[in-house]
There are 2 protein chains.
Amino acid sequence: MTYHHGNLRKALLERAAAVIAEQGVEGLSLRGLAQDLGVSHAAPSRHFRDKVDLLRTLATEGHEALGRYTFAAGNQPDADPLEHLAALGRAYVRFSLEHPAYYRSGRHPEVAAQADDALKEAYGKRMEALLRATHAAQAAGWRQDAPALHAMIFGLAAVRGLAALLHDPIFRGHVGDADPGALIDGVMRLVIDPAAVRASAPAEMVEPGEITAGAPDAAS
Amino acid sequence: MTYHHGNLRKALLERAAAVIAEQGVEGLSLRGLAQDLGVSHAAPSRHFRDKVDLLRTLATEGHEALGRYTFAAGNQPDADPLEHLAALGRAYVRFSLEHPAYYRSGRHPEVAAQADDALKEAYGKRMEALLRATHAAQAAGWRQDAPALHAMIFGLAAVRGLAALLHDPIFRGHVGDADPGALIDGVMRLVIDPAAVRASAPAEMVEPGEITAGAPDAAS
DNA sequence: TCTCAATGTAGTCATTGACTACATCGGGCG
DNA sequence: CGCCCGATGTAGTCAATGACTACATTGAGA
């Protein structure tokens, strides 16, 4: 800690995440970060070309972490494809609440406008995983009438919008006391909508009385 | 135009909207605005206390305009409550594409964090109108099993999320050529889901078999 | 006509991002 | 073993910006 810091890059990312969680991206300043870590104001430039570069790095990490988080949440071995998809959606929203810095940096307009290959690839991997899960759910009877792309975007829009609402102080002020957990479950039930699957003709065999019974073939 | 501008306040709002539409909120500067309009750098402070005050004014105008826009789009006299709700949703997303400055200022985190009474009221009016439309749709058989609040938030999250996706360059890059209009229609069909209503017991008389017929094209 | 509130101007300061030149450290190579 | 050089951090600087203060101009109404 004398002249060289040790791992300034990592420290910058961690401190930035803490600041963003507290004050949002708008409250982040490179000079403030340097001061917090006890280095000179120019030190961060050795690790990040500019402010967007730091945010983009955080955003890329966030997409990768979100991928692991949703994978872990959706990987219950006994879940049928519909429950799997619902679990992915619930995990997405919970992740946004538990890791606000990842959420905010990942959706910052400057970052999206200046995305690099690493960020695009991390984003693309999530989309591919989601599309696979969507296909599996459709094969199990969910929204079979819709194009897979529309069905995927429908689910993605719902969870992204719900996360946005839960991060929006104006919305939070209007719905008042609502418990986020109950809201997430309730909304995701409307997105996945097992009743509609049972009402239409299911592709796999589903007994019309069982609600969440196990369709064993959960295609990873 | 010699010493006094005439209507600087209005000119500032209009120019700000144009800048935001082009470069986003991040590209907006009060001094740049003043220069564009040929006034001194301190002139804007006579009409807006600070930058957030200007954005908040734009956001409030935007919520009011969105209310009128959706009301106009959803007010087809012969539409049933489900089509009405779907029209509101489609209008929301179209509005966000046609008026990006209203959309972006209205969802800026600084603005949401520093909302004043006027903004909260404009927001609340939209929520009330949406809740009424949701109640009507539920009375007509839509998602009757869900609490009205959950059903409303489900629809709101879907359209807000879809708008966010359509404004996100990374998403746009991944879905490629997709036509926004077709996407909006396709996703809203999944949100409103007339088939599920007809499959369960409808409150109003609905003939099973017809899928998308009957509704006059909600073009315009 | 005179007054004064509304509106615009000029000057200033602190903060911030970004750039350049210089200092220090430490590992690999002669 | 010692030197060299790339990596890392420092100090200084500049332009852009938001926000503040003091002053100037206008025009409507008492």
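Throughout, protein chains are lettered first and strands after them, A, B, ... in sequence-line order, and every chain is numbered starting at 1.
Nucleotide D:dT17 holds its P atom 15 Å from the CG atom of B:Leu54, rounded to whole Å. Taking atom CD of A:Gln35 as the reference point, atom P of D:dG9 lies 17 Å away to the nearest angstrom. Whole-Å rounding puts the B:Leu33 CG to D:dA16 P distance at 17 Å. The CD atom of B:Glu26 sits 15 Å away from the C1' atom of C:dT16 (whole-angstrom rounding). Rounded to an integer number of Å, the gap from A:Leu12 CG to C:dG17 P is 12 Å. Atom-to-atom, CD of A:Gln114 to C1' of C:dG17 comes out at 13 Å; the value is rounded to the nearest Å. Per the geometry, NZ belonging to A:Lys51 stands 14 Å off P belonging to D:dT17, to the nearest Å.
Residues that satisfy the side chain to side chain contact (heavy atoms under 4.5 Å, CB included) test with B:Ala11, not counting sequence neighbours, are B:His5, B:Leu37.
No option in B:Arg143, B:Met152, B:His150 other than B:Met152 meets the side-chain contact (heavy atoms from CB on, under 4.5 Å) test with B:Thr134.
The aromatic rings of B:Tyr102 and B:Phe95 sit parallel, their planes meeting at an angle under 30°, below the 60° perpendicular limit. Between A:His63 and A:Tyr123, the angle of the ring planes goes over 60°, which puts this pair in the perpendicular group of the 30/60° scheme.
For the pair A:Gln23 and A:Leu28, the minimum side-chain heavy-atom distance is 4.5 Å or more. Between B:Pro44 and B:Leu54 the shortest side-chain heavy-atom distance does not fall below 4.5 Å.
Between B:Arg160 and A:Asp168, at least one side-chain nitrogen of the basic residue sits less than 4.0 Å from a carboxylate oxygen of the acidic one, meeting the salt-bridge criterion. B:Glu64 and B:Arg68 are not joined by a salt bridge, as no carboxylate oxygen comes within less than 4.0 angstrom of a charged side-chain nitrogen.
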Could you encode protein contacts along nucleotides 4-15 of chain C as a string, one character per nucleotide from 5' to 3', using B for base contact, S for sugar-phosphate-only contact and - for no contact, with a heavy-atom cut-off of under 4.0 Å? ---BBBBBB---
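Sorted by residue number, the list of members of residues 15-24 of chain A with any non-hydrogen atom under 4.0 Å from DNA chain C is empty.
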